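One structure below.
Counting starts at 1 for both ligands and their atoms, in listed order. Basis for what follows: all heavy atoms, side chains included, without hydrogens, waters or symmetry-related copies. If you read the sequence from its start, that first residue is 1, and numbering goes on from there. Bear in mind that the values here come from a model prediction, so they are computed numbers and not experimental data.
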Amino acid sequence: MPVVALIGAQWGDEGKGHLVDLLASKARLVVRYGGGNNAGHTVVNHLGTFKLHLVPSGIFDPATVNVIGPGVVINPEVLLGEIKELEERGISTAKLFISERAHVIMPYHIMLDQLQEDSRGESKIGTTGRGIGPAYADKMSRTGIRIADLLHEETLLTRLRVVLEEKNRVLTRIYNAKPLSLHDTYLRYLDLGHQLSEHITNVHPIIHRAVEKDLPVLLEGAQGALLDVDHGTYPYVTSSPPGAAGACQGAGVGPTQLNSVVGVLKAYTTRVGEGPFPSEIEGPEAAVLRQIGTPWAEIGTTTGRLRRVGWFDAVMARYAAQINGIDTLAITKLDVLDTLPSIKICTAYRLHETQPEYPPATVAVLSQVEPIYEEMPGWQTPTTGVRRFQDLPDAAQAYVARLCQLVGARLGIVSVGPGRDQTIIVSEVL
Ligand code: IMP
């Protein structure tokens, strides 16, 4: 009964898309369960380089069924654009199904996300500006528009009339912005729903049957555990639960049906947007990690922002493993460290006279912690061509083993380049 959740165990951008693409040939079903087009999953395979924001990364395998689950927030225009691009490049989307329960990112969500960020000034979160927070807020306030609503003229008009009246009051009176027209918005979203209609369905039977038949199912995460709205570095988080519990909730499978949780971790750490980052580094070492000009460049796939970089933070990674029940690790981008003479790992935090075992909950305190580093020798040998763990330089093997020991999970995969084949499978994860 292999239902596996593959989740980000840092602040996102760990290389989840790259791994889902690799594992898709084994999975019969891939379910994207949360987030929206704040995510950017880069996939490099024999068909080319693709940047996916909403379509599950299993789309490249013709035999795999791909589902966008109820927990996702969908910008229909972005999704249609992605489907169109995939089709134009010869990739079939016939087996892509969209949950009718998923919520829609409406134009006022995007406007409000950007206006709220501007009004936060110094305290801005650094959101992707894609309307994610306001869309999830409406979902919880029960004022959201769902994908199913786009297919029912009367429902859409009735719901939109009520919601838009309130949104327009906020837009015009609080933010001095232009109101949205009910008529235009209604017609536009009705049309978008119509364009997506062949993919929209009740996805529950698809997921349920696959689980019941013991087919390999992969729940594809977006963002990362440290951006979790409950457990992350609040308020510098996203608005959904990107971890294993979110995978169950957003896909509609029970926790007892989950067989394994694979935590994806870069061999170092990155973060986009604002918020505390104890092991952050600057200077020449940062340039090595940033890899500008290479396919591994640390530039946000969605927003084009330069990612902040730092050493591997084992305190955060261990915490991420604990709150998500991570049993297996996929360590990506090991090759990025190939040229370094020595590599640091943050193994603990110092806070005044104490060493907190877990990340402090408040930003004010977390910003004060000092990382305590352990230093390991680098290997200064290219690893991009290595395909077996035992062929990695001894120092690289020792580094990876130390990360697993610190995090407290077994090793599943190591990746040494962006290509589908640049992966070392240490133990089967699906
Ligand atoms: P939002 O999800 O657009 O509201 O952004 C909230 C925070 O999460 C910001 O710091 C974003 O940079 C971060 N974030 C959201 N999605 C991703 C992602 O896919 N990768 C990395 N960071 C992300």
Ligand 1 contact on V237 by region, counting heavy-atom pairs under 4.0 Å:
backbone

Candidate pair T233 and R271, rule side chain to side chain donor-acceptor pair (under 3.5 Å), full reasoning:
CA-CA 12 Å; T233 47; R271 167 159 216 175; 3.2 Å; yes

Quick test: of every protein heavy atom, which one is nearest to atom 10 (O) of ligand 1, and how far off is it to 0.1 Å?
V272 O, 3.2 Å

What residue and heavy atom of the protein are closest to atom 3 (O) of ligand 1, and at what distance?
T128 OG1, 2.6 Å

Contact check: [X] vs ligand 1, nitrogen or oxygen atoms, below 3.5 angstrom:
X: S239; value: no
X: Q223; value: yes
X: I132; value: no

I'd like to know if the side chain of T332 pairs up with that of E14 as donor and acceptor (distance under 3.5 Å, no hydrogens or angles considered).
no

Side chains of Q368 and Y349: donor-acceptor distance under 3.5 Å anywhere?
no

Looking only at the aromatic ring of each residue, does the gap between the centers of W11 and F277 stay below 6.0 angstrom?
yes

With rounding to the nearest 0.5 angstrom, report the OG to CG distance, S239 to D113.
8.0 Å

Is the ring pair F60/F50 parallel, tilted or perpendicular, if the boundaries are 30 and 60 degrees?
tilted

How are the rings of W296 and H18 set to each other: parallel, tilted or perpendicular (split at 30° and 60°)?
perpendicular

Where the closest heavy atom to [atom] is concerned, which of [options] has it?
atom: atom 18 (C) of ligand 1; options: N37, V73, N38; value: N38
atom: atom 1 (P) of ligand 1; options: D13, T301, I125, T127; value: T127
atom: atom 13 (C) of ligand 1; options: T302, L226, L227, T238; value: L227

For G126, take its heavy atoms, then give the atoms of ligand 1 lying under 4.0 Å from any of them.
9 (C), 10 (O), 11 (C), 12 (O)

Which atoms of ligand 1 have any heavy atom of W11 under 4.0 Å away?
21 (C), 22 (N)

Result for side chain to side chain contact (heavy atoms under 4.5 Å, CB included) between Y33 and one of I7, V67, I68, V253 points to I7

Against ligand 1, does R305 come closer than 4.0 Å with any heavy atom?
yes

